[in-house]
Number of protein chains: 2
Amino acid sequence: MNTEPAVAITARRASRQRTAVSAYLTRRTTFASAQEIHAALRESGEPVGLATVYRALQAMVEDGELDALRTDDGETVYRRCGTSHHHHLVCRECGRTVEVEAPDVERWATAVAAQHGFGDVVHTLEIFGVCDRH
Amino acid sequence: MNTEPAVAITARRASRQRTAVSAYLTRRTTFASAQEIHAALRESGEPVGLATVYRALQAMVEDGELDALRTDDGETVYRRCGTSHHHHLVCRECGRTVEVEAPDVERWATAVAAQHGFGDVVHTLEIFGVCDRH
DNA sequence: CCTGGACATGAGAATCATTATCAGGTGGCC
DNA sequence: GGCCACCTGATAATGATTCTCATGTCCAGG
Ligand SMILES: [Mn+2]
Ligand SMILES: [Mn+2]
Ligand SMILES: [Zn+2]
Ligand SMILES: [Zn+2]
């Protein structure tokens, strides 16, 4: 009989590059794009190939270590976030980000979907504004 | 003295092409991408340049005639929508879309932003699921 | 420790949606 | 009809992301 898991658990291997990307996002508190991370690491003397940055970010998102969101100018940005479901309040000026929870909204989203006969529901919710440091 | 408005009011001129794009989105009930619209119009024998499709969509969004949203595979899709503020419940399988209003969520978003000292707030909220025709 | 081989890296090419160019067309007020 | 600001569309450019593939390197087993 087959004792293998249906989907192989992707074994990640340690490397200087992945560590560098991960460490960068630990230091950083705002969302950052792959390009930005690539430039910053190169700057700081620990160069990592751009493709590798993309791969590292992708892996970390899959592993639930990072949240990703697409800016309206088409870049995907990443941030180390808490593991429980939450949304973001982001400053357009400085990028300052607050994680917010919204149980009422979660309930509302589920309920309105059910009312219209929709199942298997997910939602996206982000709030953008200007923080009080401006 | 200067009697001109600070920003010129963009005068839109009528054209077969704009009419075709507009009409297509009136017929259609689900979100559609520029590429899709371009192909459909060519198919139906009223060809419109791709750049023109993009320009028409852009203008209609500016004029508040269309809602636009970015799919997670990076395409922007457009839909003729109601003019009052609302959000979307979209079927992943067939694209069926329901416009939903959520005054509680609006209030919550404003309140949570204010609590954290954020002003000039906007938010995005979309719900995706699978509708009951599947 | 050693080693095989699966996994990772990175330079560069490819992809693909979108935007910019620019030469030629046209709607609409006079 | 004529002017001309605006519009069109073929094509090139852009830019983020992904793919390729030859080369490097973890690390589980031995
Ligand atoms: Mn987060
Ligand atoms: Mn809408
Ligand atoms: Zn700020
Ligand atoms: Zn459906």
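First the proteins, then the strands, lettered A, B, ... as listed; each starts at 1. Hydrogens, waters and symmetry mates play no part in the numbers below; they use all other heavy atoms, side chains included.
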Distance below 4.0 Å between A:Thr76 side-chain N/O and D:dA16 OP1 or OP2: no
Whole angstrom value for the distance that separates P of C:dA17 from CD of B:Gln35: 5 Å
Just the rounded figure in Å: distance from C1' of D:dT17 to CD of A:Glu36. 16 Å
Test of understanding: with side chain to side chain donor-acceptor pair (under 3.5 Å), list the residues that count as partners of A:Thr26, not counting sequence neighbours. A:Arg80
Tell me if the aromatic rings of A:His123 and B:His87 count as close, with their centers under 6.0 Å from one another. no
For DNA chain C, what residues of residues 48-58 of chain A have any heavy atom nearer than 4.0 Å? A:Val48, A:Gly49, A:Ala51, A:Thr52, A:Arg55
Whole-Å distance separating the NE2 atom of A:His38 from the P atom of C:dT9: 13 Å
Please examine the side chains of B:Tyr24 and B:Leu41, heavy atoms only from C-beta on, and report whether any two atoms are closer than 4.5 Å. yes
Rounded to whole Å, how long is the line connecting atom OH of B:Tyr78 with atom C1' of C:dT18? 9 Å
Going by the rule side chain to side chain donor-acceptor pair (under 3.5 Å), which residues pair with B:Thr30 if we only count those two or more places apart in sequence or in a different chain? B:Arg28
Are B:His38 and B:Tyr54 close enough that their ring centers fall under 6.0 Å? no
d(CG, B:Leu41; P, D:dG9) in whole Å: 11 Å
Got a sec, which residues hit salt bridge (Lys or Arg N to Asp or Glu O under 4.0 Å) with A:Arg107, two or more places apart in sequence or on another chain? A:Asp104
Over how many whole Å does the gap from B:Glu75 atom CD to D:dA16 atom C1' extend? 15 Å
Here the distance between atom P of C:dC16 and atom CG of B:Asp72, to the nearest Å, is 17 Å
Within this structure, what is the CZ-to-C1' distance between B:Arg70 and D:dG15, rounded to whole angstrom? 12 Å
Ring centre gap for B:Phe128 and B:His88 strictly below 6.0 Å: no
SB check B:Glu126 B:Arg70 (cutoff 4.0 Å): no
Is the phosphate of D:dC7 approached by B:Gln17 (side-chain N or O, under 4.0 Å from OP1 or OP2)? no
Could I get a table of every N or O pair under 3.5 Å where one atom is in the protein and the other is in nucleotides 26-30 of chain D?
from	atom 1	to	atom 2	distance (Å)
D:dC26	O2	A:Arg13	NH1	2.9
D:dC27	OP1	A:Ala14	N	3.4

Applying salt bridge (Lys or Arg N to Asp or Glu O under 4.0 Å) to B:Glu101 and not counting sequence neighbours gives none
